[in-house]
Amino acid sequence: MKIPVFVIHGFLEGGKTTFALETLADEYFSGGERNLVLACEEGVEEYEEEALKAANATLVMLEDKSEFHETFLSECQKKYKPTQVVLEYNCMWGMDFLRDMYMPKGWFVAQVITVVDASTFDIYLKNMKSLFMEMAKDSDLIIFNRSSDETPAAVYKRNMRAVNPKAQVVFEKEDGTMLEFEEELPFDLEAEVIDIADVDYGIWYIDAMDHPERYDGRTVRFTAMAYTGKRLPEGYFVPGRMAMTCCADDTAFIGFLCQSSYADRLKSRQWVTVTAEAHMEKRPEYNGEDGIVLRSTNIKSAEKPEEELVYF
């Protein structure tokens, strides 16, 4: 029997318990299930007995990391026989500890949700950025709750998408409604040639990942570092930039495939200015999903930017 495990994590008082209770209250989620809730820390919000009973859920509290181990989970499986599990995880125990944890037979991680208090996010980001980015890397869904009109949602979303392109990022206001916001772009999408400034490369990359249809058939121009190699299809290279996704020691090369008759003459890490038409294509390099593929119309050597790293 397959038993899905839904992992909910985030910092203390970020809204994890509230989200878990709202999820359990959803008949579509909990109806007909034997729900087991494993709570690895106790916050301000409590699991009320009536709410748990209504959701046919059993709560097991853990007070210390030493209690969370393979034998404990196996005992939970024998004692409660859950058909699905909600795990409210204490991120201070470490993400590797969770990743390496043995799961009883049939248990599998179905979804990972990171819950964030938008009103205090900047404080945590300044003091525990590495830990938060580790959480975000594993997440399928990142929820910024307690958002307001003052929340820099576009900036937060770009940062999350840079760390984890597959994650869905949503912003929820105090009243439970979704925060609507404009993702202002620092370049002209209506221009004959969309010029991407060096400092705006990261913004363009994330927007093109999220909305490839905006660029389908359009011409773009930007300066980038060339990546070449035998792993790429013949006649292709990847113009891109090194991006800081967490800290100075955690960078990644981001870019799109580019078809060019000049590809075999480029040297790896050579700086070039690329003018190319963007097209949406399903490629094995993009796991068969729609993604941007560039077809160069002009490539010329360029000086590297004053700031080589891209930020979001």
Side-chain angles (χ1 to χ4, degrees), residues 1-117 124 128 130-143 145 163-164 166-168 170:
M1 179 179 178
K2 295 293 185 181
I3 301 171
V5 179
F6 299 89
V7 179
I8 303 171
H9 54 36
F11 293 119
L12 185 64
E13 299 182 16
K16 301 187 297 297
T17 302
T18 298
F19 177 79
L21 284 168
E22 290 174 349
T23 302
L24 288 166
D26 187 340
E27 178 67 20
Y28 179 79
F29 177 85
S30 61
E33 303 286 351
R34 288 193 303 275
N35 294 291
L36 174 62
V37 180
L38 303 177
C40 299
E41 63 181 339
E42 188 172 358
V44 175
E45 188 72 23
E46 295 182 355
Y47 286 94
E48 296 181 358
E49 188 175 339
E50 288 186 9
L52 291 168
K53 185 177 180 180
N56 193 26
T58 300
L59 172 67
V60 178
M61 298 288 301
L62 295 90
E63 296 183 359
D64 190 80
K65 182 179 179 179
S66 63
E67 299 177 273
F68 190 59
H69 47 70
E70 299 172 9
T71 303
F72 164 75
L73 294 178
S74 295
E75 289 173 351
C76 284
Q77 170 62 29
K78 292 177 183 178
K79 183 175 182 179
Y80 303 110
K81 297 180 174 57
T83 58
Q84 64 182 18
V85 178
V86 174
L87 171 59
E88 183 182 330
Y89 185 67
N90 184 342
C91 64
M92 301 307 293
W93 293 358
M95 300 313 299
D96 285 338
F97 183 70
L98 177 60
R99 294 185 190 110
D100 297 338
M101 180 60 60
Y102 165 82
M103 295 281 184
K105 184 178 179 180
W107 288 32
F108 70 98
V109 176
Q111 189 178 30
V112 179
I113 303 109
T114 301
V115 183
V116 188
D117 183 344
Y124 280 111
M128 289 186 278
S130 295
L131 178 56
F132 181 81
M133 292 308 183
E134 276 297 302
M135 286 189 283
K137 283 180 181 178
D138 289 345
S139 296
D140 300 296
L141 172 64
I142 302 172
I143 303 171
N145 59 34
V163 174
N164 184 348
K166 295 183 179 181
Q168 181 184 3
V170 299

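In this text the structure is predicted, and so the values were computed from the model without any measurement. Position 1 is the first residue of the sequence, and the numbers go up from there.
- Residues F6 and Q84 form a side-chain contact, since some pair of their non-hydrogen atoms from C-beta on lies under 4.5 Å apart.
- Listed by first then second residue, pairs satisfying salt bridge (Lys or Arg N to Asp or Glu O under 4.0 Å) with a partner in residues 93-106 read D96-R99, R99-E134, R99-D138, not counting sequence neighbours.
- At most 12 heavy atoms of other shown residues, nucleotides or ligands fall within 6.0 angstrom of atom CD in E63.
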List the steps, then state whether side-chain contact (heavy atoms from CB on, under 4.5 Å) holds for Y102 with S74. CA-CA 9 Å; Y102 165 82; S74 295; 4.0 Å; yes
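- Using a 4.5 Å cut-off on side-chain heavy atoms (C-beta onward), F108 and M103 make no contact.
- Within a 6.0 Å radius of NZ in K79, other residues, nucleotides and ligands contribute 12 heavy atoms or fewer.
- Put simply, the side chain of D117 does not reach to within 4.5 Å of the side chain of Y124, judged on heavy atoms.
- A donor-acceptor contact shorter than 3.5 Å links the side chain of Y89 to the backbone of G94.
- L36 has its side chain within reach of C76: a pair of non-hydrogen atoms, C-beta onward, lies under 4.5 Å apart.
- Put simply, the side chain of I142 does not reach to within 4.5 Å of the side chain of V170, judged on heavy atoms.
- With I8 as reference, V86 is the one residue of V37, V86, T17, V112 to meet the side-chain contact (heavy atoms from CB on, under 4.5 Å) rule.
- The neighbour count for Q111 CD, taken as heavy atoms of other residues, nucleotides or ligands under 6.0 Å away, is above 12.
- Taking each heavy atom of A39 and L59 in turn, the nearest pair found is CB-CD1, 4.0 Å.
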Taking only distance into account, with no hydrogens and no angle test, what donor-acceptor pairs under 3.5 Å do side-chain atoms of residues 19-33 form with protein atoms, sequence neighbours excluded?
residue, atom, partner, partner atom, Å
T23, OG1, F19, O, 2.8
D26, OD1, Y28, N, 2.9
S30, OG, L24, O, 2.6
S30, OG, D26, O, 3.2
E33, OE1, T83, OG1, 2.5

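- Counting heavy atoms from C-beta on, the side chains of N90 and F68 never come closer than 4.5 Å.
- Within the 4.5 Å cutoff, side-chain heavy atoms of W93 are placed close to those of L62.
- Applying the side-chain hydrogen bond (donor to acceptor under 3.5 Å, both in side chains) test to every pair with at least one member in residues 52-61, sequence neighbours left out, gives no pairs at all.
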